Amino acid sequence: MVKVDHFLSKSHGQSGYDASIEPVLRIKPGTGETIGFETDDAVYAQLHERGSLDKVTATINPVTGPVYVEGAQPGDALAVTIHDIVLKDYGWSVSLPGAGALADRMGEESFSRQIPIADGSVKLTDSISTPARPMIGCIGTAPAGKTGSTVMPSFPSGGNMDLTDAAPGSTVYLPVEVEGAYLSIGDIHAVMARGESSFVAIEAEGTAVVSVDVVKGMNLRAPRIETASEWCFIGIGNPVQQSIKNGYEDMFDFLIDRGFSREDAYVVMSALAHSELGGPTGSEDPDPLHPFTAIGAVTVHRLPKSVLP
């Protein structure tokens, strides 16, 4: 594991992104100091043992934090570079009644399976294993004037976005809405298919090791991710067409800011900018009678770095 300068145990888990919570760490940006965020999947262990979500007492998707970043002000962006994600020995696959695209096929009974993780491999079934591709499901800063959910919806400064690109080697740019940003991280996955048909993928406890910087005046309206080969623009909106439009507009403006003409940006995007669904959590509060039914969408729009000057 990458050297960790500040370790935050899962005992610091919170049920929301909230600037009224006392920070567990204050850190200066741009120092290269690393923070290890340990995450907690007790909810899935309880579901496995007790057989029903009604009998579970643990918090769903607790996020570890918050971390106060000195100098971060509204309108800035927090640049969170993910250096490593260290998984524990097993993860979970579960089916929650009413949750995910396959809810009608899985029925009303809860299902759970403990998934072994060893030597960089995730054993899905007796005969099928796949390489671990760890990622962070919940990453965000505190929204202004309210508490951000760790389940749904996602919100402009992050939350439960379930983006496969929030992985080692990437930098996640998060809008800052409150002084200090109040960064929190949780919901690590051992591996997840893009779109997350099951709503939960292969959940796994672990430690995400990150460093933090501040980009002044970036004025993002949604998160974005920089990988080795792409810029990923996140759309958050209702309906899904609005989410897609927001992501496309942000990519277009990004290209214009880098010297592209409107016409060149338009042509390049039409040929090379691929789009897909992000996590299944939606962009607005769900109907309280159907708490796992998303309203709106999180979408991802990919720009290859090879087109940039």
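All values reported here derive from a predicted model rather than from experimental measurement.
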Show me, pair by pair, the donor-acceptor contacts under 3.5 angstrom made by side chains of residues 59-75, not counting sequence neighbours?
from	atom 1	to	atom 2	distance (Å)
N61	ND2	T150	O	3.0
T64	OG1	E38	O	2.5
Y68	OH	E179	OE2	3.2

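When every heavy atom of V151 is checked against every heavy atom of T281, the shortest pair comes out as O-CG2, 3.3 Å. Counting all heavy atoms, side chain and backbone alike, A77 lies closest to M218 at CB-SD, 3.4 Å. Of all non-hydrogen atoms in S110 and G51, the two that sit nearest each other are CB-O, 3.5 Å. Shown here for A79 and V215, the closest heavy-atom pair between the two residues is CB-CG2, 4.3 Å. Residue A190 comes nearest to V122 through the heavy atom pair CB-CG2, 4.0 Å, listed as atom of the first residue, atom of the second, then distance. Residue E108 comes nearest to P97 through the heavy atom pair O-CG, 3.2 Å, listed as atom of the first residue, atom of the second, then distance.
Between the side chain of N219 and the main chain of G217, a donor-acceptor pair closer than 3.5 Å is present. Side chain of R221 to main chain of N246: a donor-acceptor pair is present (N/O by atom type, distance under 3.5 Å, no hydrogens or angles). Looking only at distances, no side-chain donor or acceptor of S211 sits under 3.5 Å from a matching main-chain atom of V80. S243 places a side-chain N or O within donor-acceptor distance of the main-chain N or O of G235, the cut-off being under 3.5 Å. Formation of a donor-acceptor pair under 3.5 Å by the S283 side chain with backbone atoms of G237 is found in this model. At least one donor-acceptor pair closer than 3.5 Å links the side chain of S154 to the backbone N or O of N160. Listed for the S121 side chain is no donor-acceptor partner under 3.5 Å among the backbone atoms of A118. H290 places no side-chain N or O within 3.5 Å of a backbone atom of P288 that could act as its donor or acceptor partner. E177 places no side-chain N or O within 3.5 Å of a backbone atom of P143 that could act as its donor or acceptor partner.
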Which is it for L124 and I202 under the side-chain contact (heavy atoms from CB on, under 4.5 Å) test, yes or no, and what are the steps along the way?
CA-CA 9 Å; L124 303 175; I202 309 302; 4.0 Å; yes
side-chain contact (heavy atoms from CB on, under 4.5 Å) between D187 and E203, intermediate numbers included:
CA-CA 7 Å; D187 187 32; E203 308 281 340; 2.6 Å; yes
Please assess D162 against H189 for the test side-chain contact (heavy atoms from CB on, under 4.5 Å), listing each intermediate value before the final yes or no.
CA-CA 9 Å; D162 284 327; H189 299 69; 3.0 Å; yes
Applying side-chain contact (heavy atoms from CB on, under 4.5 Å) to V176 and V178, what does each step give before you reach the verdict?
CA-CA 6 Å; V176 174; V178 298; 5.6 Å; no
Does the pair Y17 and Y182 meet the rule for a ring pair (Phe, Tyr, Trp, His ring centres under 6.0 Å), with working shown?
CA-CA 8 Å; Y17 295 86; Y182 287 76; over 10 Å; no
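Linking Ile, Leu, Val, Met, Phe, Trp and Tyr whenever their side-chain heavy atoms come within less than 4.5 Å leaves L220 and V300 in two separate clusters. In the hydrophobic clustering of ILVMFWY residues, with side-chain heavy atoms under 4.5 Å counting as a link, L272 and V267 come out apart. Put simply, L163 and F155 are part of two different groups of oily side chains (I, L, V, M, F, W, Y) that touch within less than 4.5 Å, one to the next. Using a 4.5 Å cut-off between side-chain heavy atoms of Ile, Leu, Val, Met, Phe, Trp and Tyr, with links allowed through other members, Y248 and I234 fall into different hydrophobic clusters. Taken together through direct or relayed side-chain contacts under 4.5 Å among Ile, Leu, Val, Met, Phe, Trp and Tyr, I27 and I185 form part of one hydrophobic cluster.
Taking the charged nitrogens against the carboxylate oxygens, E226 and K305 do have a contact shorter than 4.0 Å, which makes a salt bridge. Salt bridge present: R302 and D165 bring a charged side-chain N and a carboxylate O closer than 4.0 Å.
Taking the six-membered ring where the residue is Trp, W231 and F254 present tilted rings, their angle falling between 30° and 60°. By the 30° and 60° cut-offs, the orientation of the rings of F292 relative to F199 is perpendicular.
Residues E22 and V24 have side chains not in contact (no heavy-atom distance under 4.5 Å, counting atoms from C-beta outward). F37 places a side-chain heavy atom less than 4.5 Å from the side chain of L183. Residues V172 and V210 fail the side-chain proximity criterion, which asks for heavy atoms closer than 4.5 Å. Here the side chains of I117 and D89 are not in contact, with every heavy-atom distance at 4.5 Å or above. Residues T227 and E230 form a side-chain contact, since some pair of their non-hydrogen atoms from C-beta on lies under 4.5 Å apart. Residues K10 and T39 are not in side-chain contact: their nearest non-hydrogen atoms beyond the backbone lie 4.5 Å or more apart. A heavy-atom distance below 4.5 Å is found between the side chains of D5 and K3. Between I35 and V209 there is no side-chain heavy-atom pair separated by less than 4.5 Å.
Between atom CG of residue D253 and atom CG of residue D250 there is a gap of 6.5 Å, rounded to the nearest 0.5 Å. Put simply, OG1 on T164 and CE on M192 are 5.5 Å apart, with the number rounded to the nearest 0.5 Å. Interatomic distance, OG1 of T207 versus NZ of K88, reported as 6.0 Å (0.5 Å rounding). The NE2 atom of H48 lies 5.5 Å from the CD atom of Q114; values are rounded to the nearest 0.5 Å. The CG atom of D41 lies 9.0 Å from the OH atom of Y90; values are rounded to the nearest 0.5 Å. Taking OG from S275 and CZ from F233, the interatomic distance works out to 11.0 Å, rounded to the nearest 0.5 Å.
Residue D119 places its CG atom among 12 or fewer non-hydrogen atoms of other residues, nucleotides or ligands, all under 6.0 Å distant. Taking a 6.0 Å sphere around NZ of K28, one finds it holds 12 or fewer heavy atoms contributed by other residues, nucleotides or ligands. With a 6.0 Å radius and a threshold of 12 heavy atoms from other residues, nucleotides or ligands, Y266 has its OH atom at or below the threshold.
R258 forms no cation-pi arrangement with F260, by the criterion of a distance under 6.0 Å to the ring centre and an angle within 45° of the ring axis.
At a cut-off of 3.5 Å, with distance as the only test, no side-chain donor of T81 or H83 sits close to an acceptor on the other residue.
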